2 protein chains.
Amino acid sequence: MAAKRVTLADVARLAGLSQTAASMILNGRPDTRLSQDAHDRVNAAAQQLGYRPNVAARGLRTDKTLTIGFISDVVATTRFASGLIKGALEAAEEAGHVMLVLETGGEPAREAEAIAAVLDRQVDGIIFATMRARELFIPDLPAGTSVVMLNATNARYHTSVLPDEEEGGRSAVQLLVDAGHRSGIALIGQNDEVEREVFRSATVARRVAGIRSAMAANDLEFFAEESIWLWEPEDGYRSTKALLERGNDVRALVCMNDRIAFGAYQALGEAGLSVPDDVSIVSFDNDELAAYLRPGLTTVGLPHEEMGRRAVELLLSGQDAGQVLIPMPVVRRRSIAEVPQG
Amino acid sequence: MAAKRVTLADVARLAGLSQTAASMILNGRPDTRLSQDAHDRVNAAAQQLGYRPNVAARGLRTDKTLTIGFISDVVATTRFASGLIKGALEAAEEAGHVMLVLETGGEPAREAEAIAAVLDRQVDGIIFATMRARELFIPDLPAGTSVVMLNATNARYHTSVLPDEEEGGRSAVQLLVDAGHRSGIALIGQNDEVEREVFRSATVARRVAGIRSAMAANDLEFFAEESIWLWEPEDGYRSTKALLERGNDVRALVCMNDRIAFGAYQALGEAGLSVPDDVSIVSFDNDELAAYLRPGLTTVGLPHEEMGRRAVELLLSGQDAGQVLIPMPVVRRRSIAEVPQG
DNA sequence: TACAGTTGCTAAACCCATTTAGCACGCCAC
DNA sequence: GTGGCGTGCTAAATGGGTTTAGCAACTGTA
């Protein structure tokens with residue numbers, strides 16, 4: 001970048017005052033005793049020259065760079081959690097900050113590099129984000145570094161922002177209950193028996209807990225639970241197909257995410273069953289898919305933007321807020337049918 | 001960020017040499033006449049203290065911050081073009097650079113703010129990206145600012161990276177031709193008659209041109225062209241349904257993008273027609289949707305990652321490369337059936 | 001009149017690096 | 001013995017801001 005910028009010295013010179021005076025006036029320092037006239041001259045000069053402070057130079061002295069480091073595994077580069085970035089970017093912009101975005105692919109070596117890179121640039125704080133909520137191990141950071149975990153947790157840094165999965169799980173079941181569903185409900189994507197030993201993520205466990213607690217509270221039971229290792233459409237398709245072939249009377253499906261639900265739609269369609277007249281479906285995430293499906297999929301959404309937003313706000317507020325749970329919004333579309341009572 | 005870092009002065013002190021010597025040695029300056037012993041002592045000291053230079057301080061002197069500004073309308077925050085960011089992020093990382101990511105939502109005021117913000121931080125260059133390739137108007141930048149347009153063009157800054165849509169358009173038609181399709185081919189999403197006056201984007205025009213040139217080269221004609229204003233699944237569904245209801249003998253669809261194709265699958269499914277046995281489909285973008293569909297959708301992909309990558313490489317190389325066209329990869333899945341000749 | 005207290009402003013240090021200019025020493029040649 | 005040169009290193013300037021310490025002039029009070 002060539003073409004030298006206007007500096008504070010230029011402003012001071014034009015205003016006929018010292019650099020000190022110019023600095024104090026432009027920063028609106030309260031206790032200074034500079035005259036109104038001095039204020040006017042400096043402001044006019046700055047205006048006239050189009051002066052903008054050099055953030056790097058200022059940061060050298062003040063240790064504030066108005067810059068946040070956003071380090072994630074694959075958040076920026078996959079579509080699943082890009083809402084996290086969106087919310088964070090917006091909140092940062094509103095606070096007059098800017099975000100350095102780095103991705104590590106979850107590799108420890110790149111992660112260490114990323115941390116060093118943002119620290120070298122004197123960021124005001126770091127947000128660590130993961131696509132799938134999980135405990136994140138991060139190397140030692142200089143004492144005093146502000147950190148917020150986003151969709152992640154960490155033993156040393158307690159401030160973290162997570163979706164309120166337990167409540168979300170309850171909401172999903174409640175949608176079915178409110179529509180009058182009492183039997184023929186299957187869970188697609190999770191089977192506690194089979195998955196006793198697998199750890200998917202801290203939040204999936206909570207989602208399941210919420211689902212089960214709402215089922216129990218309503219005296220309901222799943223007549224089937226299909227375990228799925230990967231939560232992709234293909235898997236949802238196979239799983240639902242297998243369930244259908246076992247010949248049960250399926251009336252409603254709780255799918256662990258929208259991609260599974262997408263596969264379920266495909267299997268149901270092939271079997272000549274219609275959503276929601278024959279089978280109601282409720283799911284999680286509010287993936288863009290959910291709106292594309294016919295009929296639209298009713299789902300309990302991941303509040304990614306709100307989470308990203310809160311992470312930045314917490315980071316800049318500097319307080320240790322512990323775990324902040326963001327409510328998961330219920331997005332009603334047309335995949336749940338009312339069941340006549342009786 | 002508290003906890004003061006190790007500075008060059010610390011290293012110099014520990015090595016028993018001047019700061020000058022330490023700086024020169026750590027930067028590997030060639031013409032210096034410092035002794036091997038001095039080199040060893042400085043390197044050891046830096047190692048021992050875990051010294052990392054303060055990029056901001058260095059940038060103040062050298063005008064290089066190893067930081068790139070990435071300003072886009074909605075690239076980071078929607079899933080459609082996040083590949084652009086991914087490629088750029090990777091290339092930046094490989095070059096030891098870091099990216100400041102800002103989004104403007106396409107609003108001129110936010111754009112001006114974004115430009116000022118990255119300029120205030122002395123970035124080494126700026127990449128302007130758009131989700132839908134288009135001519136982008138940007139305010140005056142200081143002379144000498146390095147700029148690359150990504151998936152966009154600009155009158156003043158000529159270096160831009162775009163998908164090779166014309167060739168991509170040809171590829172799509174060629175897939176059908178190679179499979180033996182000669183008739184019953186419809187175009188979904190574009191009708192030159194209707195859309196004579198609408199400007200979608202520079203690249204859509206090229207895509208269409210490529211499609212038409214390949215059709216002409218093979219002596220083929222579309223028997224129908226469905227214009228669609230928005231390219232969403234819902235629109236693709238309606239459009240295809242309308243086409244089907246007109247009772248033509250549809251054998252193949254060229255869809256302008258994967259979301260339209262998604263809707264086409266739904267309409268075809270409802271009409272009891274199977275892909276690809278009854279109707280073959282080829283499309284564009286290689287959206288993640290394409291892999292979710294059953295059968296998988298054959299599509300000509302947007303090479304977003306490669307584009308992002310090239311944009312960073314061009315920016316850092318500093319040369320004016322004009323328009324760089326990145327080939328669109330053909331992604332073969334199962335939505336095109338072979339037609340028996342005769 | 002003299003001393004203290006305000007008022008209005010500035011010189012200089014500082015942040016952390018890079019870079020320019022140049023010093024001190026040893027050696028060689030004449 | 002001295003001018004010239006190569007060797008090995010450093011003091012100080014620089015980049016663009018913020019901040020501390022303090023100066024000079026004026027006002028008010030005893």
Side-chain angles (χ1 to χ4, degrees), chain A residues 1-42 45-46 49-67 119-124 142, chain B residues 1-42 45-46 49-67 119-124 142:
Chain A
M1 322 255 56
K4 60 183 171 313
R5 288 165 62 102
V6 174
T7 72
L8 184 60
D10 297 329
V11 173
R13 190 161 29 245
L14 180 59
L17 285 167
S18 72
Q19 206 173 303
T20 306
S23 172
M24 288 171 150
I25 289 171
L26 291 176
N27 288 306
R29 284 259 296 241
D31 298 340
T32 180
R33 294 178 308 239
L34 294 158
S35 65
Q36 185 57 50
D37 179 55
H39 277 80
D40 294 344
R41 267 152 54 212
V42 167
L49 298 174
Y51 171 72
R52 306 223 15 148
N54 178 325
V55 176
R58 167 186 288 170
L60 212 46
R61 190 79 236 265
T62 61
D63 247 10
K64 298 231 157 299
T65 52
L66 301 179
T67 304
L119 253 20
D120 290 351
R121 287 168 181 77
Q122 317 292 114
V123 292
D124 292 344
Chain B
M1 318 255 54
K4 61 186 172 309
R5 289 166 62 102
V6 175
T7 71
L8 185 60
D10 298 328
V11 173
R13 189 161 32 247
L14 180 59
L17 285 164
S18 72
Q19 222 181 169
T20 307
S23 173
M24 288 171 151
I25 288 171
L26 291 175
N27 287 305
R29 284 260 295 242
D31 300 341
T32 180
R33 294 178 308 239
L34 294 158
S35 64
Q36 184 58 49
D37 179 55
H39 277 80
D40 294 346
R41 268 152 53 209
V42 168
L49 297 175
Y51 171 71
R52 305 218 24 140
N54 177 324
V55 175
R58 168 186 286 171
L60 211 48
R61 196 77 238 269
T62 62
D63 248 9
K64 297 227 155 302
T65 52
L66 300 179
T67 304
L119 254 19
D120 290 350
R121 288 167 180 80
Q122 317 290 116
V123 294
D124 292 344

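A note on names: the letters A, B, ... follow the listed sequences, proteins ahead of strands, and every chain is numbered from 1. These numbers come from a predicted model, not from an experiment.
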Between the protein and nucleotides 25-28 of chain C, which nitrogen or oxygen pairs come in under 3.5 angstrom?
none

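- Without hydrogens or angle criteria, A/Thr65 side chain to A/Gln122 main chain gives a donor-acceptor distance under 3.5 Å.
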Identify all side-chain donor-acceptor contacts of residues 11-23 of chain A below 3.5 Å with residues at least two apart in sequence or on another chain.
from	atom 1	to	atom 2	distance (Å)
A/Arg13	NH2	A/Asp10	OD1	2.7
A/Ser18	OG	A/Thr20	N	3.4
A/Ser18	OG	A/Ala21	N	3.0
A/Ser23	OG	A/Asn27	ND2	3.4

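- Within the 3.5 Å criterion, the main-chain N or O of A/Thr67 finds no donor-acceptor partner in the side chain of A/Arg121.
- If you measure from atom CD of B/Gln36 to atom P of D/dT7, you get 16 Å, rounded to the nearest angstrom.
- The interatomic distance linking A/Asp37 (CG) with C/dG8 (C1') rounds to 11 Å, in whole Å.
- Rounded to whole angstrom, the span from the CG atom of B/Asp63 across to the C1' atom of D/dG17 amounts to 15 Å.
- Scanning residues 10-18 of chain A for heavy-atom distances under 4.0 Å to DNA chain C yields A/Leu17, A/Ser18.
- Shortest non-hydrogen contact noted between B/Tyr51 and B/Leu8 is CE1-N, 3.4 Å.
- Not counting sequence neighbours, the partners of B/Arg52 by the side-chain hydrogen bond (donor to acceptor under 3.5 Å, both in side chains) test are A/Asp120.
- A search for side-chain contact (heavy atoms from CB on, under 4.5 Å) contacts involving A/Leu60 returns B/Asn54, B/Ala57, B/Leu60, not counting sequence neighbours.
- Using a 4.0 Å heavy-atom distance criterion, B/Ala38 is classed as a sugar-phosphate-only contact.
- Residues satisfying the side-chain hydrogen bond (donor to acceptor under 3.5 Å, both in side chains) test with B/Arg58, not counting sequence neighbours, are none.
- We find the CZ-CG distance between B/Arg29 and B/Leu34 to be 10.0 Å, quoted to the nearest 0.5 Å.
- Among all heavy-atom pairs drawn from B/Arg5 and A/Leu119, the shortest one is NH1-O, 3.1 Å.
- Each end of the helix from C/dT1-D/dA30 to C/dC30-D/dG1 gets its own axis, taken as the rotation carrying the C1' atoms of four end pairs onto the next four within a five-pair window, and the two axes meet at 80° to the nearest 10 degrees.
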Assign a letter to each nucleotide of nucleotides 14-22 of chain C from its 5' end: B, base within under 4.0 Å of a protein heavy atom; S, sugar-phosphate only; -, no contact. BBBBBBB--
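- Note on A/Ser35: every side-chain N or O is 4.0 Å or more away from OP1 and OP2 of C/dT7.
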